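Keep in mind it's a predicted model, so treat the numbers as computed, not measured.
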Number of protein chains: 2
Amino acid sequence: MTIQKRRERERAERERLIVTAARELAEAEGWDAVTTRRLADEIEYSQPVLYSHFKGKGAIMAAVAVQGCEELAGELRAARTAAGSAREALAAVGRAYTAFARRRPALYDVIFTLDVDLPFATPEAPAALQDAFGELLQAVQPIAAEGEDMGALTETYWAGLHGLVTLMRSGRLPEEAHERRLGLFIGHFVPQGTD
Amino acid sequence: MTIQKRRERERAERERLIVTAARELAEAEGWDAVTTRRLADEIEYSQPVLYSHFKGKGAIMAAVAVQGCEELAGELRAARTAAGSAREALAAVGRAYTAFARRRPALYDVIFTLDVDLPFATPEAPAALQDAFGELLQAVQPIAAEGEDMGALTETYWAGLHGLVTLMRSGRLPEEAHERRLGLFIGHFVPQGTD
DNA sequence: CGTCGATTTCTAGCAGCGCTAGGGACAAGA
DNA sequence: TCTTGTCCCTAGCGCTGCTAGAAATCGACG
């Protein structure tokens with residue numbers, strides 16, 4: 001009984017260890033450096049142990065993605081609630097989003113660019129993903145015009161931010177003009193004369 | 001002399017063959033299926049031959065990207081010049097861009113998402129890339145407000161399209177609402193009351 | 001206390017990847 | 001015919017994600 005419990009606890013602990021190691025390794029050296037052998041070394045177990053916890057490397061990455069998304073959702077919420085007006089809130093959330101992407105590129109990639117089979121845009125999507133989207137939704141809501149599709153509008157805002165971030169991070173947009181582009185995007189997104 | 005020329009011609013021919021094979025394989029089965037072994041099989045030469053033409057797999061992908069970008073630039077231009085008003089032209093270019101991404105996902109990926117060390121956003125960027133960007137620029141120009149930074153504005157428009165496309169294609173945005181999102185994006189991008 | 005049975009973990013290996021060293025075939029010139 | 005130089009292929013390196021099967025460990029029971 002207690003033995004069983006202890007084992008489960010230890011297993012859960014080790015699982016956390018794997019996810020943490022993957023995350024730290026990715027943040028330090030990028031996802032290319034995260035190989036199953038390297039990860040096994042890091043946690044001081046052999047490779048097959050990883051597969052007794054996760055279906056494969058993709059599942060480990062998905063776990064990191066969920067963790068990262070919780071962090072993102074928190075930062076978006078903080079930015080939104082700290083802002084004064086609705087307009088400022090939208091801008092603040094946009095800035096927080098792109099700032100997250102730049103500060104934590106590995107996390108951003110595993111959530112939003114690498115394919116890692118997490119369910120998105122469905123009820124089965126992890127809570128963290130829905131929370132993050134919810135933050136965007138709440139920021140977009142007040143500036144929506146009468147009768148606009150809120151979901152689609154939020155998705156559109158999100159996509160704009162995502163595009164700015166990914167093109168910049170892949171070297172396709174010059175880094176130095178990021179703030180200007182972001183300002184233009186947010187400015188064009190808010191209907192003129194909205195408070 | 002003539003022998004030399006014939007050899008050079010044959011070499012150039014084989015190089016074209018490699019790029020075409022890579023492109024077709026990628027379009028048919030995705031870039032994961034494009035391995036150097038598979039490519040060598042396809043062109044009926046051994047693997048090392050590829051490396052006598054290109055520095056590596058990345059260089060082959062870059063060549064495909066340039067080809068694909070020429071195609072994209074052509075489609076953007078056609079869309080732009082066929083439109084009536086400036087506003088319609090911007091919308092048409094946006095639709096043409098996302099349509100290209102959906103119709104030729106492998107080409108789109110190699111140009112805009114996979115990293116393939118092509119110089120972007122510099123004078124050394126291949127002409128095809130500059131042409132495609134130029135088409136966007138010409139579509140954005142007429143709807144820009146007084147004194148707006150044209151380059152940054154175009155980049156922002158591009159980023160929005162790119163975000164919509166990549167999030168949708170990776171399954172993060174539901175496919176069915178694409179048209180609605182695209183309409184919202186373009187609508188918000190054009191300042192109210194612009195002709 | 002010693003042995004059995006089950007669970008856990010490791011060693012070793014598979015098939016694939018991008019890439020390359022070195023040798024053999026083949027054609028052009030003496 | 002023999003040499004020279006070019007071209008191309010075979011074979012292999014070190015790496016990847018992943019897994020089968022042996023080994024070791026630990027709890028339970030006689």
Side-chain angles (χ1 to χ4, degrees), chain A residues 1-19 21-23 25-26 28-65 106 109-110 114-118, chain B residues 1-19 21-23 25-26 28-65 106 109-110 114-118:
Chain A
M1 266 314 186
T2 6
I3 286 173
Q4 194 71 5
K5 295 240 175 191
R6 191 211 59 202
R7 286 198 164 169
E8 281 173 20
R9 211 172 41 222
E10 286 174 354
R11 247 191 97 75
E13 176 62 27
R14 197 173 59 179
E15 192 157 316
R16 270 194 32 224
L17 190 66
I18 293 172
V19 176
R23 173 183 170 148
L25 193 47
E29 306 182 32
W31 282 104
D32 282 352
V34 183
T35 70
T36 55
R37 281 174 179 80
R38 184 81 187 273
L39 211 42
D41 270 9
E42 216 75 43
I43 63 169
E44 297 179 307
Y45 281 93
S46 66
Q47 256 179 308
V49 167
L50 301 174
Y51 293 86
S52 75
H53 287 272
F54 298 95
K55 211 183 104 192
K57 188 188 171 182
I60 299 176
M61 293 170 75
V64 175
D109 283 344
V110 84
L114 304 178
D115 43 71
V116 79
D117 65 50
L118 272 179
Chain B
M1 267 314 184
T2 5
I3 287 174
Q4 194 72 5
K5 294 240 177 191
R6 191 211 59 204
R7 287 197 164 163
E8 281 174 21
R9 209 171 44 220
E10 286 173 354
R11 247 191 97 76
E13 176 63 28
R14 198 173 55 181
E15 191 157 317
R16 268 194 33 225
L17 190 65
I18 293 171
V19 176
R23 173 184 170 149
L25 194 46
E29 306 182 32
W31 282 105
D32 282 350
V34 183
T35 70
T36 55
R37 283 172 178 82
R38 184 83 186 274
L39 211 44
D41 270 10
E42 216 74 43
I43 63 169
E44 297 179 307
Y45 280 94
S46 68
Q47 257 179 308
V49 167
L50 301 174
Y51 293 87
S52 75
H53 287 272
F54 296 95
K55 210 183 104 192
K57 187 188 172 182
I60 299 176
M61 293 170 76
V64 175
D109 283 344
V110 83
L114 303 178
D115 43 72
V116 80
D117 65 51
L118 272 179

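- Side-chain atoms of B:Gln47 come within donor-acceptor range of the base of C:dC19, with a qualifying N/O pair under 3.5 Å.
- When each of A:Lys55 and B:Arg11 is assigned the nucleotide of DNA chain D bearing its nearest heavy atom, the one mapping closer to the 5' terminus is B:Arg11.
- Rounded to an integer number of Å, the gap from NE2 of A:His53 to P of C:dC10 is 11 Å.
- Remark: A:Arg14 engages A:His53 in a side chain to side chain donor-acceptor pair (under 3.5 Å) (not counting sequence neighbours).
- Between the side chain of B:Arg37 and the base of C:dG16, no donor-acceptor pair of N or O atoms lies under 3.5 Å.
- When the C1' atom of C:dC17 is taken as reference, atom NZ of A:Lys57 falls 13 Å away, rounded to whole Å.
- Close to C:dT20, at under 4.0 Å from its OP1 or OP2, lies no side-chain N or O of B:Tyr51.
- With A:Glu13 as the fixed residue, the side chain to side chain contact (heavy atoms under 4.5 Å, CB included) test singles out one of A:Arg11, A:Arg9, A:Glu15, A:Arg16: A:Arg16.
- The CD1 atom of B:Ile43 sits 13 Å away from the C1' atom of D:dC9 (whole-angstrom rounding).
- When rounded to the nearest whole Å, the span between CZ of A:Arg38 and C1' of D:dT16 equals 14 Å.
- With distances taken from any side-chain atom of B:Ser46 to the nucleotides C:dC10, D:dT10, C:dG18, the minimum falls on D:dT10.
- Counted within 6.0 Å of CD on B:Glu10, heavy atoms from surrounding residues, nucleotides or ligands total more than 12; the atom is thus considered enclosed.
- Close to D:dG17, at under 4.0 Å from its OP1 or OP2, lies a side-chain N or O of A:Thr36.
- At least one side-chain nitrogen or oxygen of A:Thr35 sits closer than 4.0 Å to the OP1 or OP2 atom of D:dT16.
- In this structure, CG on A:Leu25 lies 5.5 Å from CD on A:Glu42, to the nearest 0.5 angstrom.
- The separation between A:Ile18 atom CD1 and C:dT9 atom P is 10 Å, rounded to whole Å.
- When the P atom of C:dA27 is taken as reference, atom CD of B:Glu10 falls 12 Å away, rounded to whole Å.
- Rounded to an integer number of Å, the gap from CG of B:Leu39 to P of C:dG18 is 9 Å.
- Checking C:dC19, D:dC9, C:dC10 against the side-chain heavy atoms of B:Val49 singles out D:dC9 as nearest.
- Residue A:Arg14 is classed as a sugar-phosphate contact, given heavy-atom separations below 4.0 Å to backbone atoms only.
- Taking atom CG on B:Asp32 and atom P on D:dT16, their separation rounds to 17 Å, with Å as the unit.
- Atom OH of B:Tyr51 is separated from atom OG1 of B:Thr36 by 4.5 Å, given to the nearest 0.5 angstrom.
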